[in-house]
Amino acid sequence: RIREMIELPLKYPELFERLGIEAPKGVLLHGPPGCGKTLIARAVANETDAYFIHVSGPEVIHKFYGESEAHLRAIFDKAKENAPAIVFLDEIDAIASKREEVRGDQQVERRVVAQLLALMDGLKSRGQVIVIGATNIPQVLDPALRRPGRFDREIALSIPDKNGRLAILHIHTR
């Protein structure tokens, strides 16, 4: 599923143009800590030779007014300049929680969510920039983020079983 959602649009954009369909713009990975969400994002970037920007959610928040939003815009601008690119938003729940649950003293979070929605919206074409979000608590994300056009697909990951762990160990010890 990840290959279909990310690899194909980045490697063969002409295929989507010829078929007249929109390439997916984002994928949300969710699962318990340690299930490999970050590793999967890095592996996909490596497979596609895409420019990879890893952003940890808490690193986006700054204390001065407007800095957090400017930081997000700079990340997306850098991705556009280096397209094809993957923007990986790790711990996205730290910057994109439900806006209606944000208290008065947390207005930065509300503005950051609004800026992220605007950047992902595609009002200006993002070109070959795909956003991968990762979280272990998807239920706290703003519902507007989870609609098509932003995160087109959600992929639930689970902790690998005994055979899966053995396969991973073999890969890392090759």
Side-chain angles (χ1 to χ4, degrees), residues 1-32 34-57 59-60 69 71-93 95-96 112-136 138-139 141-161 163-164 167-168 170-172 174:
R1 284 190 283 168
I2 290 172
R3 279 206 157 112
E4 172 192 318
M5 294 296 302
I6 300 166
E7 238 179 273
L8 279 176
L10 290 177
K11 279 188 169 179
Y12 310 105
E14 67 280 352
L15 179 69
F16 287 86
E17 287 175 26
R18 193 173 59 221
L19 292 173
I21 57 174
E22 276 286 315
K25 296 292 184 192
V27 177
L28 179 66
L29 305 175
H30 58 88
C35 68
K37 298 178 291 283
T38 303
L39 263 176
I40 286 172
R42 287 188 187 278
V44 168
N46 192 38
E47 287 282 320
T48 59
D49 291 324
Y51 186 78
F52 185 74
I53 301 174
H54 179 230
V55 181
S56 179
E59 292 173 2
V60 172
E69 299 91 318
H71 186 75
L72 263 181
R73 281 191 305 274
I75 290 166
F76 276 79
D77 287 344
K78 190 174 183 181
K80 281 182 216 166
E81 288 171 17
N82 295 288
I86 294 173
V87 176
F88 178 57
L89 299 171
D90 205 358
E91 300 175 50
I92 193 170
D93 49 276
I95 59 169
V112 169
V113 173
Q115 180 66 64
L116 184 60
L117 292 172
L119 289 167
M120 291 184 72
D121 240 348
L123 292 174
K124 293 185 285 183
S125 175
R126 278 193 286 166
Q128 279 194 290
V129 176
I130 292 181
V131 180
I132 302 175
T135 182
N136 50 355
Q139 62 274 14
L141 293 180
D142 194 284
L145 260 180
R146 299 175 81 176
R147 73 156 182 78
R150 291 176 180 144
F151 287 119
D152 295 307
R153 296 276 195 292
E154 294 186 17
I155 299 174
L157 302 172
S158 60
I159 299 287
D161 62 3
N163 294 333
I168 292 167
H170 284 290
I171 290 167
H172 285 286
R174 240 186 260 162

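- Summarising the geometry, atom CZ belonging to R147 is positioned 11.0 Å from atom CG belonging to D142; distances are rounded to the nearest 0.5 Å.
- Pairing each heavy atom of V112 with each of I95, the nearest pair is CG1-O, 3.7 Å.
- Between F52 and A41, the closest heavy-atom pair is CE1-O, 3.7 Å.
- Of the possible donor and acceptor atoms, one in the side chain of N82 sits under 3.5 Å from a partner among the backbone N and O of K78.
- The two residues V87 and A79 have their closest heavy-atom pair at CG2-CB, 3.6 Å.
- A distance-only check finds a donor-acceptor pair linking the side chain of K37 to the backbone of G31 [under 3.5 Å].
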Going through the checks in order, is the side chain to side chain donor-acceptor pair (under 3.5 Å) test met by D90 and S56?
CA-CA 5 Å; D90 205 358; S56 179; 5.8 Å; no
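- Put simply, CD on Q115 and CG on L119 are 4.5 Å apart, with the number rounded to the nearest 0.5 Å.
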Could you walk me through whether F88 and T38 satisfy the side chain to side chain contact (heavy atoms under 4.5 Å, CB included) test, starting with their C-alpha distance in whole Å, then the side-chain angles of each, then the deciding distance to 0.1 Å, before giving a yes or no?
CA-CA 8 Å; F88 178 57; T38 303; 3.7 Å; yes
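- Side chains of I86 and V44 form a contact here, defined as non-hydrogen atoms less than 4.5 Å apart.
- Residues K25 and F151 are not in side-chain contact: their nearest non-hydrogen atoms beyond the backbone lie 4.5 Å or more apart.
- Between the CD1 atom of I53 and the CG atom of L89 there is a distance of 9.5 Å, given to the nearest 0.5 Å.
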Report the C-alpha separation of V27 and D152 in whole Å, then their side-chain angles, then the decisive distance to 0.1 Å, and conclude whether the side chain to side chain contact (heavy atoms under 4.5 Å, CB included) test is met.
CA-CA 6 Å; V27 177; D152 295 307; over 6 Å; no
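- When all heavy atoms of A96 and L145 are compared, the pair lying nearest together is CB-CD1, 3.2 Å.
- Shown here for A83 and Q128, the closest heavy-atom pair between the two residues is CB-O, 3.9 Å.
- Distance CD/E59 to CD1/I75: 8.5 Å, rounded to 0.5 Å.
- Note: I2 CD1 to I132 CD1 = 7.5 Å, rounded to the nearest 0.5 Å.
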Full working for side chain to side chain contact (heavy atoms under 4.5 Å, CB included) between I92 and L116
CA-CA 10 Å; I92 193 170; L116 184 60; 4.1 Å; yes
Please test E7 against K11 for salt bridge (charged side-chain N to carboxylate O under 4.0 Å, His left out), starting from the C-alpha separation and ending with a verdict.
CA-CA 6 Å; E7 238 179 273; K11 279 188 169 179; 3.7 Å; yes
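- Distance check, rounded to the nearest 0.5 Å: CG of L29 to CZ of R1 gives 10.0 Å.
- The two residues L10 and P84 come nearest to each other via the heavy atoms CD2-CB, 3.6 Å.
- Side chain to side chain, N136 and H30 fail the donor-acceptor criterion of an N or O pair below 3.5 Å.
- No donor-acceptor pair under 3.5 Å is formed between the side chain of R153 and the backbone N or O of G26.
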